[in-house]
Amino acid sequence: MSTKLFSPFTIKDVTLKNRIVMAPMCMYSSHNEDGHIQNWHRTHYTSRAVGQVGLIIVEATAVTKQGRISARDLGIWSDDHIEGFAELVSLMKEHGAKTGIQLAHAGRKADLEGEIIAPSALAFNEKMKTPKEMTKEDIKETIEAFKKGAERAAKAGFDVIEIHAAHGYLINEFLSPLSNKRSDEYGGSSENRYRLLREVIEGIKSVWDGVLFVRVSAHEYHEEGLTPLDYVFFSQWMKEQGVDLIDTSSGGVVPAQINVYPGYQVPYSETIRNGAEIPTGAVGLITTGIQAEEILQNERADLVFLARELLRDPYWPRTAAKELGVIIEGPKQYERGWN
Ligand SMILES: Cc1cc2nc3c(=O)[nH]c(=O)nc-3n(C[C@H](O)[C@H](O)[C@H](O)COP(=O)(O)O)c2cc1C
């Protein structure tokens with residue numbers, strides 16, 4: 001049987017050897033609280049490259065210091081960060097993986113000392129800080145920070161940039177009517193709520209002509225919140241702007257009860273893929289080769305993103321190949337034990 005999971009996927013000039021993507025996962029391991037890569041990152045990401053993951057997306061990486069989720073997040077707010085990422089990229093590439101980085105700003109979900117910023121002065125919940133409502137100047141600086149982050153990611157040699165517009169972080173806060181109560185051109189209508197993301201994409205595209213993904217929260221699980229249909233419109237706009245793929249996650253904008261089960265977000269990916277006619281990634285409780293193959297064969301997504309299963313099993317591509325009855329190449333050094 002020839003599987004879709006292990007067939008290559010090409011976007012622009014980047015060809016992934018299979019459809020398996022390691023989803024971004026914060027490691028909170030930048031121990032010196034300066035955003036720099038540490039040995040943990042080198043070991044953790046390189047292991048998944050050895051395990052034959054097609055594309056590895058490095059965790060949410062803050063474009064400003066104030067935009068970190070925690071003090072131990074990775075950062076790309078300074079040119080000093082480029083060297084560490086360049087080394088990490090070359091370590092992953094040595095094993096045939098393509099490499100991505102998720103550029104992020106935590107907005108009102110930053111758990112840091114000092115002032116935090118968001119579209120409106122509304123706290124996420126009673127335990128978290130109330131953010132300052134961003135001025136036009138703050139917005140301009142943030143867009144510039146995403147642009148600079150992209151420039152640095154390009155210098156480090158990444159193949160893919162993913163904008164973090166999900167999980168209730170800054171860009172998502174602007175998109176959602178639940179967290180954006182602004183009365184200027186950045187709030188109100190969906191065009192206005194989309195404006196920050198539009199300008200972030202424009203900024204990034206002015207310095208990056210490589211592959212661009214955007215991660216969204218396609219469902220907010222709230223009566224007045226956004227649903228996958230709203231994201232069909234946003235995704236059409238993103239497509240017009242030259243975004244290559246929508247990585248379809250959900251939740252995190254406001255506290256909500258979410259009923260999770262295997263593949264629970266896959267229908268959102270399907271809705272966006274069919275509705276906006278743009279490639280998508282499916283994520284969320286995808287754990288088996290058969291499940292991944294079903295998603296791809298039924299054209300519910302173009303790529304499958306795995307997070308926790310890849311923490312449990314860094315060699316998951318091999319596990320999935322065994323399950324699907326196919327043989328995949330492994331590292332030469334492991335030849336005697338791989339198949
Ligand atoms: C330890 C951990 C850290 C995460 N950090 C991020 C992150 O940096 N950016 C992001 O978009 N999602 C993050 N997520 C969410 C995952 O990318 C993924 O969407 C989610 O875990 C569901 O997929 P899974 O069921 O395969 O784990 C994180 C998840 C975990 C478990």
Side-chain angles (χ1 to χ4, degrees), residues 22-45 48 56-85 88 100-132 134 138 141-142 145-146 148-150 152-153 156 158 161-174 176 179 196 200 215-217 247 249-256 258 283-284 305 307-308 310-311:
M22 180 174 173
M25 276 180 281
C26 288
M27 292 287 109
Y28 307 116
S29 295
S30 195
H31 305 298
N32 299 325
E33 307 195 348
D34 56 6
H36 281 281
I37 292 284
Q38 299 298 327
N39 273 343
W40 174 259
H41 305 105
R42 296 183 187 101
T43 305
H44 166 70
Y45 289 111
R48 276 70 193 177
I56 298 172
I57 303 187
V58 171
E59 66 201 76
T61 299
V63 297
T64 69
K65 256 181 115 163
Q66 193 186 28
R68 291 175 294 176
I69 303 166
S70 82
R72 292 186 164 202
D73 288 16
L74 284 181
I76 195 157
W77 62 79
S78 146
D79 287 346
D80 296 342
H81 290 121
I82 298 170
E83 195 184 332
F85 284 110
L88 185 63
I101 183 168
Q102 189 183 47
L103 299 183
H105 190 300
R108 70 173 179 173
K109 285 177 120 180
D111 187 11
L112 298 170
E113 313 238 310
E115 184 179 77
I116 63 169
I117 56 173
S120 302
L122 292 169
F124 174 73
N125 60 24
E126 61 284 358
K127 288 193 197 123
M128 296 186 82
K129 269 190 198 167
T130 300
K132 185 193 91 164
M134 287 168 79
D138 293 328
E141 281 171 19
T142 303
F146 271 98
K148 295 296 270 183
R152 294 180 186 118
F158 283 102
I161 288 179
E162 174 166 287
I163 299 173
H164 198 348
H167 304 164
Y169 296 112
L170 187 77
I171 295 174
N172 196 174
E173 289 159 21
F174 272 85
S176 174
S179 44
L196 176 75
V200 165
R215 175 167 267 205
V216 299
S217 277
D247 168 9
S249 189
S250 72
V253 183
V254 287
I258 306 175
V283 66
F305 286 55
R308 288 164 293 181
L310 273 169
L311 295 184

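One-based numbering along the sequence shown.
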| query | If every non-hydrogen atom of Ser250 is compared with every non-hydrogen atom of His167, which pair is closest and at what distance? | reply | O-CD2, 3.8 Å
| Parallel, tilted or perpendicular, as decided by the 30° and 60° cut-offs, for the rings of Tyr169 and His164 | perpendicular
| request: Indicate the atoms forming the closest heavy-atom contact of Trp77 with Val63, along with that distance. | output: CB-O, 3.3 Å
| query | In this structure, are over 12 heavy atoms from other groups packed under 6.0 Å from Lys129 atom NZ? | reply | yes
| message | Treating Asp73 as the side-chain partner and Ser70 as the backbone partner, does any N or O pair qualify as donor plus acceptor under 3.5 Å? | response | yes
| Distance in Å, Leu196 CG paired with His105 NE2, rounded so as to fall on 0.5 Å steps | 9.5 Å
| If only atom types and distance count, is the side chain of His44 paired as donor or acceptor with the main-chain N or O of His41 below 3.5 Å? | no
| said: So, using side chain to side chain contact (heavy atoms under 4.5 Å, CB included) as the criterion, who are the partners of Ala153 when residues are at least two apart? | reply: Ile76, Ile101, Phe158, Ile161
| task | Quick one: closest heavy-atom pair of Leu103 and Phe146, and the distance? | result | O-CE2, 3.6 Å
| query | Should the heavy atoms of other residues, nucleotides or ligands under 6.0 Å from CD of Glu83 be counted, would the total exceed 12? | reply | no
| query | Sub-3.5 Å donor-acceptor pair from the side chain of Arg48 to the main-chain atoms of Met22, do we have one? | reply | no
Please list, one pair per line, the donor and acceptor atoms closer than 3.5 Å that link side chains of residues 111-128 to other protein atoms, with sequence neighbours excluded.
residue, atom, partner, partner atom, Å
Ser120, OG, Lys181, N, 2.8
Asn125, OD1, Lys127, N, 2.9
Asn125, OD1, Met128, N, 3.0

| request: Could you grab the distance from atom CG of Leu74 to atom CD1 of Ile37, nearest 0.5 Å is fine? | output: 4.5 Å
| Backbone N or O of Asn172 within a donor-acceptor pair of the Ser176 side chain at under 3.5 Å? | no
| said: Any side-chain to backbone donor/acceptor pair from Glu59 onto Met27? Under 3.5 Å, distance only. | reply: yes
| query | Hey, are the side chains of Asp138 and Lys132 touching, using non-hydrogen atoms and a 4.5 Å cut-off? | reply | yes
| said: Side chains of Arg215 and Ile57, heavy atoms from C-beta outward: is any pair under 4.5 Å? | reply: no
| note | Scanning both residues in full, the closest heavy-atom pair of Ala60 with Pro24 reads N-CB, 4.3 Å
| query | What are the two closest heavy atoms between Gly251 and Ile258, and how far apart are they? | reply | CA-CD1, 4.2 Å
| task | Give a yes or no on whether the backbone of Arg108 and the side-chain of Glu173 come within a donor-acceptor separation of less than 3.5 Å. | result | yes
| Taking it one step at a time, do Gln38 and Ser29 satisfy side chain to side chain contact (heavy atoms under 4.5 Å, CB included)? | CA-CA 7 Å; Gln38 299 298 327; Ser29 295; 5.6 Å; no
| said: Return the OG to CG distance between Ser179 and Leu170, rounded to the nearest 0.5 Å. | reply: 9.5 Å
| field | CD-CZ distance between Glu33 and Arg72, expressed to the nearest 0.5 angstrom | value | 6.0 Å
